[in-house]
> 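Pasting a structure below so you can have a look.
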Amino acid sequence: MARRKGSPVGRSTQPEGPQHYSAVKPPGSRADYVHSVLRREILTGVLLPGAPILQDEIGSRLGVSITPVREALRRLESAGLVSYQTHYGATVSQLSAEAAAELYQVRAAVEGVAARLAAGRITPEELAELRGMHESMEVAHRESDTVRLANGSRLFHARIARIGGPAFLAGHLRWIWENYPVPHTESVWQFDDVADNTLRYHAQILVALERGDAPAAQRLMAEHIESAIGERERHRVCSPATTTPV
């Protein structure tokens, strides 16, 4: 299928100047600052999966010593965004296809249960809120705005999780998203057929929630998330450092 216009391809693995991190306000410590900058650069695709992270270069670019850079890299490693390889040092993490598929299956199980519970708890006001999110995503799709689509999908999924599982499930899902986010350059939202398929699933999930059909809501949510595994394979999208809402 056709890739959307403006989709990032062939981007350099090195930042092109301070504009990529100037928007990140320095937090309380130098290590926090370095962590914020590198995390932002990984998630926005400035640093691509497999790209080397040179400590001296990072320190020079951000005006800090090696110590806060090392501390920031340890934190990014613990979050799964950075890995260390013999003879190569720190690099932006890449998950295997098997690991990425496993992570989607975990999401499908968690979010499927959340959707099932939401079908029995959702209020008319909450349903209207979800419909508004869905309509905003349809507008973003017509305008080929992949960032708004991805953000809108995350809000849609998160809202259902909070409705269905506010005590445990929503927090578990948030942990998955925060520790395994997808860089914009690795998003499958850049393909029109993926957006079409996702919006169809969202519409069907809304119908199930409105009817209070818990089994259908769970089945549709699980199918929706698991379909992303095949979509990534079909489009040959490189396995990301992480995985997030489809």
Side-chain angles (χ1 to χ4, degrees), residues 4-7 43-44 103-104 106-229 231-232 240 242-246:
R4 289 172 175 272
K5 290 183 178 180
S7 299
L43 299 186
T44 56
L103 202 53
Y104 275 112
V106 169
R107 275 195 55 213
V110 172
E111 295 196 52
V113 173
R116 181 185 183 93
L117 295 173
R121 300 174 178 175
I122 195 166
T123 66
E125 293 77 17
E126 290 167 338
L127 186 61
E129 182 183 358
L130 287 171
R131 289 196 182 282
M133 293 178 181
H134 181 65
E135 290 169 1
S136 295
M137 289 184 65
E138 290 179 320
V139 172
H141 182 28
R142 289 194 295 270
E143 296 175 352
S144 298
D145 190 333
T146 59
V147 174
R148 279 172 56 202
L149 274 169
N151 291 338
S153 184
R154 174 165 180 165
L155 291 174
F156 184 87
H157 283 251
R159 190 69 186 100
I160 292 174
R162 288 199 304 273
I163 293 168
F168 300 105
L169 295 177
H172 186 66
L173 182 61
R174 185 171 59 252
W175 181 89
I176 292 174
W177 285 341
E178 289 176 352
N179 287 277
Y180 299 95
V182 155
H184 295 320
T185 50
E186 302 295 343
S187 174
V188 289
W189 281 108
Q190 60 193 284
F191 302 103
D192 286 328
D193 64 310
V194 173
D196 290 337
N197 188 49
T198 295
L199 290 172
R200 278 194 298 270
Y201 266 116
H202 284 191
Q204 292 170 354
I205 290 167
L206 284 171
V207 171
L209 292 175
E210 183 176 23
R211 293 176 176 173
D213 189 340
Q218 181 173 14
R219 174 180 56 81
L220 288 165
M221 182 63 81
E223 287 179 0
H224 166 39
I225 296 170
E226 288 177 344
S227 70
I229 301 172
E231 288 168 343
R232 299 190 70 83
T242 56
T243 55
T244 60
V246 291

> Can you name the residues that form a side-chain contact (heavy atoms from CB on, under 4.5 Å) with E226, not counting sequence neighbours?
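A108.
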> Roughly how far, to the nearest 0.5 Å, is CD of E111 from CD1 of I176?
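So the gap between those two atoms works out to 8.0 Å.
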> Please report the closest heavy-atom contact between I160 and M221, naming both atoms and the distance.
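Taking I160 first and M221 second, the nearest heavy atoms are CD1-CE, 3.7 Å.
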> Checking P215 now: which residues fulfil side-chain contact (heavy atoms from CB on, under 4.5 Å) with it, not counting sequence neighbours?
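Applying side-chain contact (heavy atoms from CB on, under 4.5 Å) to P215 gives R116, D213.
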> Could you pull out all residues at least two apart from R174 that satisfy side-chain hydrogen bond (donor to acceptor under 3.5 Å, both in side chains)?
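With sequence neighbours excluded, R174 shows a side-chain hydrogen bond (donor to acceptor under 3.5 Å, both in side chains) to no residue whatsoever.
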> Roughly how far, to the nearest 0.5 Å, is CG of L220 from CD of Q204?
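If we round to the nearest 0.5 Å, Q204:CD and L220:CG are 5.5 Å apart.
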> State which residues pass side-chain hydrogen bond (donor to acceptor under 3.5 Å, both in side chains) with R148; sequence neighbours excluded, sorted by chain then number.
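Partners of R148 under the side-chain hydrogen bond (donor to acceptor under 3.5 Å, both in side chains) test: E143.
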> Distance from N151 atom CG to M133 atom CE, nearest 0.5 Å?
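The CG atom of N151 sits 12.0 Å away from the CE atom of M133.
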> For T198 and V194, indicate whether the former's side chain and the latter's backbone hold a donor-acceptor pair under 3.5 Å.
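Yes; judged by distance alone, with no hydrogens or angles, the pair exists.
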> Enter the distance from N197:CG to Y201:OH here, rounded to the nearest 0.5 Å.
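OH of Y201 is found 6.0 Å from CG of N197.
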> Only counting residues at least two apart or in another chain, list the ones meeting salt bridge (charged side-chain N to carboxylate O under 4.0 Å, His left out) with E135.
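Once residues adjacent in sequence are excluded, E135 has no partner under the salt bridge (charged side-chain N to carboxylate O under 4.0 Å, His left out) criterion.
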> Look at the side chain of S227 and the backbone N and O of H224, then say whether any donor-acceptor pair between them is shorter than 3.5 Å.
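Confirmed, S227 side chain pairs with H224 backbone.
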> Does the side chain of H202 come within less than 4.5 Å of H157's, by heavy atoms?
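Yes, their side chains come closer than 4.5 Å.
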> Please enumerate all residues that pass salt bridge (charged side-chain N to carboxylate O under 4.0 Å, His left out) together with R162, with sequence neighbours excluded.
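R162 satisfies salt bridge (charged side-chain N to carboxylate O under 4.0 Å, His left out) with no residue once adjacent residues are dropped.
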> Mind checking side-chain contact (heavy atoms from CB on, under 4.5 Å) for L127 and listing every partner two or more places apart, or none if nothing turns up?
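Per chain and number, L127 pairs via side-chain contact (heavy atoms from CB on, under 4.5 Å) with I122, R131, L206, L209, E210.
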> Do you know which two heavy atoms are closest between Y104 and I225, and how far apart they sit?
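Closest approach of Y104 to I225, heavy atoms only: O-CG2, 3.5 Å.
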> List for me each residue that meets salt bridge (charged side-chain N to carboxylate O under 4.0 Å, His left out) alongside E138, sequence neighbours excluded, and say none if there are none.
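E138: no salt bridge (charged side-chain N to carboxylate O under 4.0 Å, His left out) contacts found.
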> Of all the heavy-atom pairs spanning A119 and A217, show the shortest one and how long it is.
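Minimum heavy-atom separation between A119 and A217: CB-CB, 4.3 Å.
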> The criterion is side-chain contact (heavy atoms from CB on, under 4.5 Å); which residues satisfy it with L117, sequence neighbours excluded?
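In terms of side-chain contact (heavy atoms from CB on, under 4.5 Å), with neighbours along the sequence ignored, L117 is linked to V113, R121, L169.
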> Are the side chains of R159 and L130 in contact, using a 4.5 Å heavy-atom criterion?
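They are in contact (side-chain heavy atoms under 4.5 Å apart), so the answer is yes.
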